[in-house]
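Reviewing the structure listed below.
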Amino acid sequence: MSLKIYNTLTRKKEKFIPLKEGEVGMYVCGPTVYNFIHIGNARPFIIFDIARRYLKFKGYKVKYIQNFTDIDDKMINNAQKLNVTVSELAKKFIKEYFIDADSLNIRRADIHPRATEHIKEIIELVKDLEEKGYAYEIDGDVFFDVSKFKSYGKLSGQDIEELKLGARVEIDERKKNAIDFALWKKAKSGEPSWESPWGKGRPGWHIECSAMSMKYLGKTLDIHAGGSDLIFPHHENEIAQSEASTNKPFVRYWMHNGYLCLNNQKMSKSLGNIMKVREIGQKYKGEVIRYFILSAHYRNPLNFSEDQLQQAQNSLQRLNNTIFNIKHQLTQGKFKESRDKDDEIILEKRKESRQQFIEAMDDDFNTPVALSQLFGFARELNIYLNSPGLKNKLVLEESYEFYKEFANEILGILKEVEPEESFELEIKNLIKEREEARKVKNWEKSDQIRDVLREKGVILEDTPEGIRWKKIK
RNA sequence: GGCGGCAUCGCCAAGUGGGAAGGCAGAGGACUGCAAAUCCUUCAUCCUCGGUUCGAAUCCGAGUGCCGCCUCCA
């Protein structure tokens, strides 16, 4: 079985073959740190976090890079508005980004490079492009000459001539072609700037990704990922800059996720129809948000609504119940040695679900189908767990392992429950009290205790093997 | 104007030539002192029209509706 990835460049699913056997270099376009991230920003971070985890599962050694854009117009404008320096603004929102990312179980990249910490590499690259004749300077600004790069438009399927006609860009009359883009921008007064061969200035937007990705991953990356809105012009321009400089393919597999919409419109800061991760997090756990994101294939559009989150929460609850129930049986401490037909069925079913989960993920990270395997196995397992008699320990452990590996390690949608000693003691005492009441069929008292515990966020479940309790929220 | 995407049960969502997955919600039932959890049963011929085919949600053509990129945007 082999992994297939949809490549935007070829518009086909392709077998994934990294440049170096067993190793993957992956770069994901990160946030511009001028504000809190919204759920639409979070989609690629979650999706590609999972792609990365899955690649690791497949045995690849993955080097994962996600940048922070910490210098551009939005940074400058927002810093002015808030009356802080650009660097202070960046510092704050990088911190906020990590708070949000952590809440969503998004693992840290191996490196989180920042544009302002790679000015030297950026200048080198621009200089190289200028020397090779792909770039030209006009009065402190440096532009990329698109007409010199023959395959411009190959990623987005755009034709240079059409682009020129349709250019909505403010035409800078000094540029050779309307669609030439800035590699280096001359400093305006009051803006942060760096010394360069062209005078004081700052990098253009596209150049940082080329410079930083190649610095950490080499001239050819295995995977470069981001939202579909980056295909043009951002990634198109990255290809032009990088390949013009190195004369080597810049990226083997381009991955782009579909938009997250609100009321069927793309969620974006400029439209103002955004839901910040921080806001949603007040009401829903990160695992729920992740589940919601995974419920659709990453390339399809996904519409955000509170109703959807509620559905995600309910769905996830079902999985959590099953996992909780396995754990409960495991802590009972009594098992049978033998393995009969029912045990074998579970082990067989586990094997099947495992295989199908992998098949789904191999098919361009088809998480909705992968999720369905978690549910399919849960049904079989619930039947087993509810059947009378002792259970086989190995079967329970293997089943638990299945969810730990797939739901937790790869998808990251499992909730970690941390015990609180004092709280548990109080609960245990109440449960004991209720058991006494139940023995003498004092239903009134036992129901009352159950209600009290519910108030405290504890659900009691009477099972043939004894009381099972769990915390909610 | 150029390029691209989407339309499948009340809601969400897979499936791209031969069984319409899965989840949520709903209905009925079982289990339970009552619950909870769980299980069982039930719940769609796939936007429209035409075509290709023994056979199409899936391919082709026309149409309708929605969305995106071409300007900052994940």
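Every chain is numbered from 1 and lettered A, B, ... according to where its sequence line falls, protein lines coming before strand lines.
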Notebook entry, point to check: Side-chain N or O of A/Asn257 less than 4.0 angstrom from OP1 or OP2 on B/A74?
Noted result: no
Checklist line | Between P of B/G23 and CZ of A/Arg379, the distance in whole Å | finding: 5 Å
Next item on the list: Report the base-pairing partner of B/U71 (Watson-Crick or G-U wobble, both distances below 3.5 angstrom), or none.
Entry: none
Next item on the list: Select base, sugar-phosphate, or nothing to describe what A/Gly376 touches, counting heavy atoms under 4.0 Å on all strands.
Entry: nothing
Check: Which nucleotide, in any strand shown, forms a Watson-Crick or G-U wobble pair with B/A36, with both distances under 3.5 Å?
Finding: none
Checklist line | Watson-Crick or G-U wobble mate for B/G61, both contacts under 3.5 Å | finding: B/C49
Check: Any side-chain N or O of A/Asn366 less than 4.0 Å from the OP1 or OP2 oxygen of B/G15?
Finding: yes
Next item on the list: Return the 5'-most residue of the pair A/Arg438, A/Asn41 with respect to RNA chain B, ranking by each residue's nearest nucleotide.
Entry: A/Arg438
Next item on the list: May I ask you to evaluate whether A/Asn300 reaches the phosphate of B/G5, defined as a side-chain N or O under 4.0 Å from OP1 or OP2?
Entry: no
Check: Counting only side-chain N and O atoms of A/Asn321, is one of them less than 4.0 Å from OP1 or OP2 of B/U38?
Finding: yes
Next item on the list: Give a yes or no on whether the ring-centroid distance for A/His235 and A/His206 is below 6.0 angstrom.
Entry: no
Checklist line | Any-strand Watson-Crick or G-U partner of B/C66, both distances under 3.5 Å | finding: B/G5
Item checked: Between A/Phe144 and A/Tyr152, ring centroids under 6.0 Å -> no
Check: Can you find a donor-acceptor N/O pair under 3.5 angstrom joining the side chain of A/Arg468 to the base of B/A36?
Finding: no
Margin query: Checking A/Asn263 now: which residues fulfil side chain to side chain contact (heavy atoms under 4.5 Å, CB included) with it, not counting sequence neighbours?
Written below: none
Check: In Watson-Crick or G-U wobble terms, both distances under 3.5 Å, what is the partner of B/U16?
Finding: none
Check: Base, sugar-phosphate, or nothing for A/His297, non-hydrogen atoms under 4.0 angstrom?
Finding: sugar-phosphate
Item checked: Identified pairing partner of B/C24, criterion: Watson-Crick or G-U wobble below 3.5 Å -> B/G10
